[in-house]
Amino acid sequence: MVVGAFPLGKLALLAIKHISKPIGNLIKRTAKKNPKFKELVVSPPARLYHVIDVRSKMWMLGLGQPRIIPPLNDTMTIQMGGDILGEMVIFIIGAALIIGEYKRQSRNDKMKHERHRMHREQLENRIVDLTSKIASQAKEINHLKTMVGFKRNHHGYSDASELECN
């Protein structure tokens, strides 16, 4: 007996954290070796995060807005930027997977609705065909009744049992 549902969400988050560490480390190593990469890719998100972090902490403590925010040193910039970019890569991969799954599901739903629509159209066509057959058979029955009535009147048959074949 299963006690509870397997925590797939927690397992997925743990896997994402473990995957993001090597990506972040790769970004950090690249930033240490390549100053252009550090200045153009790694530093801007780290600096933005630092400014937002300092301002929000000052605001929560009720100290007002800081006039000057001390810049991060190179080591902290590379560390923070690598972590942020590693998490962003994982986020983008996760978002792409979710969007892909959504598109796959909507495509399957669309195909399912199309199959239902085609089945409904076939049923409607069968109903129309059966209705026309019933109408033609009703006409034929009426025609046969009139012929039987005509024979009765002209040949002197008084009972329908006399018309039956042996």
Side-chain angles (χ1 to χ4, degrees), residues 1-31 34 36-53 55-56 79-166:
M1 185 168 136
V2 177
V3 175
F6 187 71
L8 288 176
K10 289 182 181 179
L11 185 64
L13 288 174
L14 184 65
I16 288 172
K17 285 182 183 179
H18 283 296
I19 292 171
S20 68
K21 285 181 183 178
I23 293 172
N25 290 336
L26 176 68
I27 292 171
K28 291 172 195 174
R29 282 194 308 266
T30 306
N34 188 344
K36 287 277 190 195
F37 181 74
K38 181 182 89 173
E39 285 301 315
L40 296 175
V41 178
V42 177
S43 292
R47 288 184 186 136
L48 178 65
Y49 179 80
H50 177 65
V51 168
I52 291 171
D53 185 46
R55 287 181 187 258
S56 62
Q79 178 73 28
M80 194 178 294
D83 290 341
I84 290 170
L85 290 175
E87 294 291 331
M88 278 179 45
V89 167
I90 297 301
F91 176 77
I92 290 170
I93 291 170
L97 290 173
I98 289 171
I99 290 170
E101 179 63 22
Y102 174 77
K103 286 186 177 187
R104 185 188 70 79
Q105 201 63 281
S106 72
R107 185 176 55 243
N108 287 348
D109 286 345
K110 190 181 238 183
M111 288 171 39
K112 181 177 166 184
H113 288 301
E114 184 62 25
R115 282 194 307 267
H116 285 302
R117 186 189 62 76
M118 290 177 67
H119 183 67
R120 188 181 67 241
E121 284 180 5
Q122 289 173 349
L123 290 175
E124 288 172 355
N125 289 339
R126 285 187 68 196
I127 290 171
V128 168
D129 290 343
L130 290 174
T131 305
S132 66
K133 284 182 183 179
I134 289 171
S136 67
Q137 287 175 350
K139 285 181 185 177
E140 190 174 336
I141 288 170
N142 286 335
H143 177 69
L144 291 173
K145 283 182 180 179
T146 56
M147 286 179 59
V148 168
F150 178 74
K151 279 191 173 185
R152 238 190 254 169
N153 291 340
H154 285 0
H155 295 293
Y157 294 115
S158 60
D159 193 10
S161 62
E162 296 175 11
L163 291 175
E164 290 181 6
C165 295
N166 292 333

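Predicted model only: the values in this text are computed from it and were never measured.
One finds a salt bridge joining E121 and R117 here, because a Lys/Arg side-chain nitrogen approaches an Asp/Glu carboxylate oxygen to under 4.0 Å. Remark: R120 does not engage E114 in a salt bridge, criterion side-chain N to carboxylate O under 4.0 Å.
Atom CZ of F37 sits in a crowded spot, with more than 12 heavy atoms from other residues, nucleotides or ligands closer than 6.0 Å. Annotation for E140: atom CD does not count as buried by contact number, only 12 or fewer foreign heavy atoms lying within 6.0 Å.
For residues 87-105, the side chain to side chain donor-acceptor pair (under 3.5 Å) pairs, not counting sequence neighbours, are S20-E87, E101-R104.
Evaluated for a side-chain contact (heavy atoms from CB on, under 4.5 Å) with R55, the options D53, V51, I52 yield exactly one hit, V51.
Taking CG of L97 as the reference point, atom CD1 of I92 lies at 12.0 Å (rounded to 0.5 Å). Note that the CE atom of M111 and the OG atom of S106 stand 11.5 Å from one another [nearest 0.5 Å]. To the nearest 0.5 Å, atoms CG (D83) and CE (M88) are separated by 13.0 Å. Atom NE2 of residue H50 and atom CZ of residue R47 lie 10.5 Å apart, to the nearest 0.5 angstrom. Here the CG atom belonging to D109 is positioned 11.0 Å from the CZ atom belonging to R107, to the nearest 0.5 angstrom. Rounding to the nearest 0.5 Å places CD1 of I127 at 10.5 Å from CD1 of I134.
With sequence neighbours left out, the side chain to side chain contact (heavy atoms under 4.5 Å, CB included) criterion links R126 to no other residue.
Closest of all the heavy-atom pairs between M80 and A46 is SD-O, 3.7 Å. Minimum interatomic distance between A31 and K38 (heavy atoms only, all atoms of both residues): O-CB, 3.6 Å. The two residues L85 and P45 come nearest to each other via the heavy atoms CD2-CG, 4.0 Å.
Using a 4.5 Å cut-off on side-chain heavy atoms (C-beta onward), T146 and N142 make no contact. Using a 4.5 Å heavy-atom cutoff, the side chains of R115 and K112 are in contact.
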